[in-house]
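Below is one structure, written out as structure tokens, with a few remarks after it.
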Amino acid sequence: MILNKNALLRLMPVLLIGMVACNNKDSSQLIHGDAAQQAYVPPGEYDEFYAFLSGGYSGQITVYGLPSGRLFKEIPVFSQYPENGYGYSEETKNMFNTSYGFVPWDDSHHIELSQQNGEFDGRWLFVNGNNTPRIARVDLTTFETVEILEIPDVAGLHCSPFITENSEYLVSGTRFSVPIPQEDVPIDTYKENFKGLINYVSLDQEHGHMDLAFQIEMPGFNYDLARNGKAVSHGWSFLTTYNSEQAHSLLEVNASQMDKDLMAIVNWKKAEEYLAAGKFTERETSYYHNLMDEGSGIVNSEERTTTKILDPKECPDMVYFIPVPKSPHGCDIDPTGEYIVGNGKLSADMSVYSFSQIMQAIEEENFDGEFDGIPIINYEAGLHGIVQKPGLGPLHTEFDGRGNAYTTFFISSEVVKWDVESKEILDRQSTFYSPGHLVIPGGETRKPNGKYLVAMNKITKDRFLPTGPEMMHSAQLFDISGEKMKLILDFPTKAEPHYAQAIEAEKLMSNSKKFYPIEDNTHPYATMGEGRSRVEREGDEVHVYMTAMRSHLAPDNIEGIKVGDKVFFHLTNLEQDWDVPHGFAMQGATNAELLVMPGQTRTLLWEPKKPGVFAFYCTDFCSALHQEMSGYARVSAEGSNVPLKWGLNEELRENQEAANSFYEQAKTRASK
């Protein structure tokens, strides 16, 4: 039988359903007539939410829209980024200074949005560097990394940077305990010589600037993840640990001997009291604080050499432990602040704790011994109850604000919905495949928006077109507004997201910076108008004060550069219009290009190695005459006497009024 075009079109929905059924283990939950409509954002309309995903081994953050799943931006944080010159430009190189030297890469895991009164406020975004322990701050008016603080004397900052409900602190813990201070000791002396640290980084409430306020010295466990209390539990931190056996080899066996591990419970209000009373010791160390100046855009790097240490043995009532199911991967706190979910990867059940019962157990000193001077609260005394057999491999939990919790199960590849109060299983939906974290907009706050859930899956397999041995990770969007979860979208994510947070778009859009006011530019090499563009020599350094304007660079011809010179191109983008960046690339430069936002100044260092005439140009397509936005740099032999000379249009260089008229005419021509 031969089918005509119209017949084929009528059959397409049936064929598509058949294809999905063949390619998925369980297609019944995937086929909904309105799924595409729910995730569809029409042209010219905006998504409801921004979702910020950590980039894992890329070291970056990615920004997606929900419900569309569209990728909007990759924010460079812990890794150099050739696309815009972050970490290559002279202004941003210092962002990678650490006590280990210049470290231009890291492994980013956990996103934290700033909060007030337990709600996301849209000011700042924080993320951890796991490998070289660091915390970064992103300014959400510009979506740029503006600060990185190194955390000293820890190894693997996986447990980070969990925020308190009024952004008082970012809380972190060491993943790998180490000798403190570092020294050459046998690894098999782990129990005697290795310690952990819980770190409290304070935030300046006006600017968001970070400062390491204090550290708490802890037993040598592996500190995994944390949450801070909210509402009734405000002032307390909860951190899961594993390897309470304090093993140092073959952890999959030797760190799985005991029935349970321990959750650390920290009264940080009490810690503040001890700090004010001087109950700390100062430790000599080294760590770096790297902060971008708002006016100039230049990162200043400062080494710090002391920290304040609190010892639980010297500070009673500050730290407690409570048993938690074996090998936990996180503890999560419901919107009321009363219930804490602590489940173990090797347990088929999930423990739900009651904050009020924990407080009562502490008051009654209902303890089952101690560890290194820290009391261990009786497990049953703090337990609200157990969620029985919800799935295999429970990992992370978030909440919808309607009394329900949602937990990912890595082994059984599903998300399970359950009632926090009754602990009853309400729904379960398969994911494809092996979910780690999940995100509900505001799902860790006092006011979640229980409309969508994103499962962040570790295994992609057959979800997308194959791209060789490595594939993008799979995120899956569920509608959770009704009684049953409904899968409505698959979308790929970059690198390996470990966690995400999502915020209502309206909380960010009104504060989004459109351009940098040129009058606020305090960069010492800014060129405030094309008439001031010039080239200056200082010994073997040549400084090019360059401007960019649609559609030319000034100066566009430079002579008098010599082999062996260090040539600094200081490019100022004179535009004062939204979405008009200019780029700069220099032939033979061995670092990267620059992408300069309107009103900004950025600097590229070029060290020519041989004589010749070399081209430079704008890399960002800014107008119809973008191709003409270019120039040449002449390089002469070392020791030559070629005079320094630059040019564009002599009349315009000397006459600002004529230059302004030229700009307006050029922009008019470019827009046609």
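Numbers here are sequence positions counted from 1.
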Assign the ring pair Tyr452 / Phe49 to parallel, tilted or perpendicular, where the plane angle (0 to 90°) is split at 30° and 60°. perpendicular
Thr145 side-chain N/O to Pro76 backbone N/O, donor-acceptor pair under 3.5 Å: yes
Got more than 12 heavy atoms from elsewhere within 6.0 Å of CG, Asp204? yes
Check for a donor-acceptor pair, side chain of Lys562 on one end and backbone N or O of Ser640 on the other, with a separation under 3.5 Å. yes
With the side chain counted from C-beta on, respond yes when Val635 and Trp606 share a heavy-atom pair under 4.5 Å apart, and no when they do not. yes
Within-4.5 Å side-chain heavy-atom neighbours: His523 and Thr603: yes
Any chance NZ of Lys461 has more than 12 other-residue heavy atoms, nucleotides or ligands included, within less than 6.0 Å? no
Tightest non-hydrogen contact, residues Ser533 and Pro555, listed as CB-CD, 4.1 Å
So, for Tyr86 and Phe96, is the gap between ring centers shorter than 6.0 Å? yes
Could you verify whether a donor N or O on one side chain and an acceptor N or O on the other, from Asn199 and Ser172, lie under 3.5 Å apart? yes
Can you confirm whether Arg532 sits close enough to Tyr545 that some side-chain heavy atom of one is under 4.5 Å from a side-chain heavy atom of the other? no
Nearest heavy-atom approach of Ser296 to Thr522 is N-OG1, 3.0 Å
Derivation of the side-chain contact (heavy atoms from CB on, under 4.5 Å) call for Ile148 and Phe78: CA-CA 9 Å; Ile148 294 181; Phe78 293 116; 4.0 Å; yes
So do Met546 and His570 actually touch side chain to side chain, heavy atoms under 4.5 Å? no
Is the backbone N or O of Gly85 less than 3.5 Å from a side-chain atom of Arg602, with the two atoms forming a donor-acceptor pair by type? no
When rounded to the nearest 0.5 Å, the distance separating NE2 of His473 from OG1 of Thr460 is 6.0 Å
Determine whether a donor-acceptor pair (N or O, by modelled atom type, separation under 3.5 Å) exists between the side chain of His626 and the backbone of Asp620. yes
Decide yes or no for Arg134 and Leu157: does some side-chain heavy atom of the first lie under 4.5 Å from some side-chain heavy atom of the second? no
Roughly how far apart are Leu594 CG and Phe584 CZ, rounded to 0.5 Å? 7.0 Å
Is Ser167 reaching over with its side chain to a backbone N or O of Gln115, donor-acceptor style, under 3.5 angstrom? yes
Give a yes or no answer on whether the side chain of Thr174 reaches the backbone of Phe176 with a donor-acceptor pair at less than 3.5 Å. yes
Phe72, CZ atom: more than 12 neighbouring heavy atoms under 6.0 Å: yes
Quick one: does Val567's side chain get under 4.5 Å of Pro608's, heavy atoms only? yes
Around atom OH of Tyr46, are there more than 12 heavy atoms of other residues, nucleotides or ligands at under 6.0 Å? no
Considering residues, nucleotides and ligands other than Tyr100, do more than 12 of their heavy atoms fall under 6.0 Å from its OH? no
Between the side chains of Ser551 and Ser623, is a donor N or O closer than 3.5 angstrom to an acceptor N or O? yes
How are the rings of Phe491 and Tyr64 set relative to one another: parallel (under 30°), tilted (30 to 60°) or perpendicular (over 60°)? tilted
Between Lys645 and Glu559, does any NZ, NE, NH1 or NH2 come within less than 4.0 Å of an OD or OE carboxylate oxygen? no
Answer yes or no: is there a side-chain heavy-atom contact under 4.5 Å between Trp105 and Asn131? yes
Just wondering, are more than 12 heavy atoms of other shown residues or ligands nearer than 6.0 Å to CD in Glu541? yes
Check Leu604 against Ala592 and note the closest heavy-atom contact, atom names and distance. CD1-O, 3.2 Å
Mind running side-chain contact (heavy atoms from CB on, under 4.5 Å) on Leu203 and Met210 for me, showing each step along the way? CA-CA 5 Å; Leu203 298 176; Met210 298 183 287; 3.5 Å; yes
Testing the basics here: between Arg123 and Ser114, what is the closest heavy-atom pair and its distance to 0.1 Å? N-OG, 3.4 Å
Under 4.5 Å between any side-chain heavy atoms of Asn97 and Val299, yes or no? no
Does any N or O in the side chain of His110 come within less than 3.5 Å of the main-chain N or O of His158, such that one atom is a donor and the other an acceptor? yes
Heavy-atom pair with the smallest gap, counting every atom of Asp47 and Pro67: OD1-N, 3.2 Å
For the residue pair His209 / Glu147, report whether a side-chain donor-acceptor contact shorter than 3.5 Å exists. no
Criterion side-chain contact (heavy atoms from CB on, under 4.5 Å) on Ile61 and Phe143, from CA distance to verdict: CA-CA 10 Å; Ile61 294 171; Phe143 285 58; over 6 Å; no
Distance (rounded to the nearest 0.5 Å) between Glu302 CD and Tyr287 OH: 8.5 Å
Less than 6.0 Å separating the ring centroids of Tyr525 and Phe568? no
May I ask you to decide if His543's main-chain N or O and Glu538's side chain share a donor-acceptor pair within less than 3.5 Å? no
Spell out, as yes or no, whether a donor-acceptor pair under 3.5 Å connects the side chain of Asn521 to the backbone of Tyr516. no
With no hydrogens and no angle check, do the side chains of Asn128 and Ser160 hold a donor and an acceptor under 3.5 Å apart? no
Under a plain distance cut-off of 3.5 Å, with no hydrogens placed, do Tyr57 and Asn130 share a side-chain donor-acceptor pair? no
Check whether the side chains of Thr132 and Glu150 place a donor and an acceptor atom closer than 3.5 Å, and report yes or no. no
Going through the checks in order, is the side-chain contact (heavy atoms from CB on, under 4.5 Å) test met by Phe432 and Gln476? CA-CA 8 Å; Phe432 303 92; Gln476 295 188 301; 3.6 Å; yes
Got a sec: does the OH of Tyr617 have more than 12 other heavy atoms crowding it under 6.0 Å? no
Value rounded to 0.5 Å, distance of CZ in Arg463 from CG in Asp490: 4.0 Å
Just verifying a value: how many Å separate Leu140 CG and Phe52 CZ, rounded to the nearest 0.5 Å? 5.0 Å
Result of checking Ile135, Val201, Val127 against Pro161 for side-chain contact (heavy atoms from CB on, under 4.5 Å): Ile135
Nearest-0.5 Å distance, OG1 of residue Thr285 to CD of residue Gln182: 9.5 Å
Restricting to non-hydrogen atoms, name the atom on Gly583 and the atom on Glu593 that form the minimum distance, rounded to 0.1 Å. CA-OE1, 4.4 Å
Counting distance only, does the side-chain N/O of Gln215 pair as donor-acceptor with the main-chain N or O of Leu197 below 3.5 Å? no
